[in-house]
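Have a look at the structure below, then the notes.
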Amino acid sequence: MDEVLVNHQRRIFNNWDIVAKGWYIACPSRDLLKAKAKSVEICGQRIVVYRGEDGKVRALDAYCPHMGTDLGIGKVDGNMIRCFFHHWAFDEQGQCLDIPCQTAIPKQAQTQSYATAEKYDFIWVYPEANAPNPVAEFDELKGKQIVTIHDKPLERSCHHHICMMNGIDAQHLRTVHNIDINMDLFLNHNQLGNIIDFTLKGELPKTTFKERIGRKILGANYEYSMRYADGCIGLLTIMKNVRILPSLHMIFAYTPVVEGKTRIQPIYVAEKRKGIFGWLLTRLFLLLTKMAYYMLRDEDGQIYDNIRFHPNLLLSIDAPISKYMNYANQLEPSKWSKKVRSEK
Ligand code: FES
Ligand SMILES: [Fe+2]
């Protein structure tokens, strides 16, 4: 039998107790105005994000180290956040710098701070004070001005590692999406091991009338790639190297909500073009990207709301799945993981 055996110990992959280090979405950038604070749940953690007077976003554990008040109801004071209850003020490192009723500040008056980033019109938080890498990008768009639009987030009833693999499940392209393409797989790992790139390319089929028209317009070959970052962001590029159309880019940012529930934030990205005509083209490509996503999403949804994943019988065509599992298993657990938290 044409079967691939995976030497797979369940460690990080599909494990609800572990939150891997990576960038997770806190909220859209526009939801946090200057000098405002709000608390959000990220991967089961209550985190306060606030924008200082200088416009920069900071993130801390939300519960005040004094008596546990949610700092999200506090006030931004310069570039610090001041607790609503007894007005202790914390800086972006989580250090308490002011206690109004006394001058001495105890050493323990500090809270965990987190690295933040603003990208693709979202605020992202990393479960460490410093992040070793920025929020992932498309190579093709690096250094270029981009435009993004985003959709409402959706929920799926499975671990994000499972629904993330959709883009590299070669068999289902044929069976679920009716895309009859013979795919060759190319695989690339970055040095840190937090990014893995899958490229699938092949020849467009020419059996049906629709397929022949497609070949006439787009050319004979088809290519798409999926970049996974930190096991929680998927960057999908479709329509690579075809005629007429540029590559289309979409991002899926995944966040575990509670055990059994994953939130997926779709983001569509296009290069910013100059002038009115450029603006129209950019909008058109963003719309096409969105349409492609809706088509794929609707066909896949019921699989991921009902799956109980087990990789017991993988075929050689499923090799990307086992590669993804191995990749996820070598990611690093963050302090938001249940095990790490209970060891404290
Ligand atoms: S609970 Fe925050 S200052 Fe007292
Ligand atoms: Fe799919």
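Keep in mind that this is a model prediction, so the values were computed, not measured. Note that ligands are numbered from 1 as they come in the structure, with each ligand's atoms numbered from 1 the same way.
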Is W124 linked to L33 within one hydrophobic cluster, defined over Ile, Leu, Val, Met, Phe, Trp and Tyr using a side-chain heavy-atom separation of less than 4.5 Å? no
Over 12 foreign heavy atoms within 6.0 Å of NZ, K119: yes
Test of geometry: compute the angle NE2(H177)-the Fe ion (ligand 2)-NE2(H172) and round it to 10°. 90°
Parallel, tilted or perpendicular: ring planes of H161 versus F13, cut at 30 and 60 degrees: parallel
For E140 and T237, what are the C-alpha separation, side-chain angles and deciding distance, and is it a side chain to side chain donor-acceptor pair (under 3.5 Å)? CA-CA 9 Å; E140 216 177 300; T237 304; 5.4 Å; no
Mind reading off the angle at the Fe ion (ligand 2) between the OD1 atom of D300 and the OD1 atom of N166, rounded to 10°? 110°
Under a 4.0 Å N-O cut-off, is there an ion pair linking D54 with K34? no
Spacing of CE belonging to M250 relative to OG1 belonging to T289, to within rounding of 0.5 Å: 6.0 Å
Restricting to under 2.8 Å, identify the protein N, O or S atoms around atom 2 (Fe) of ligand 1 as residue plus atom. C64 SG, C83 SG
Can you spot which of H160, E155, E41 makes a side-chain contact (heavy atoms from CB on, under 4.5 Å) with V257? E155
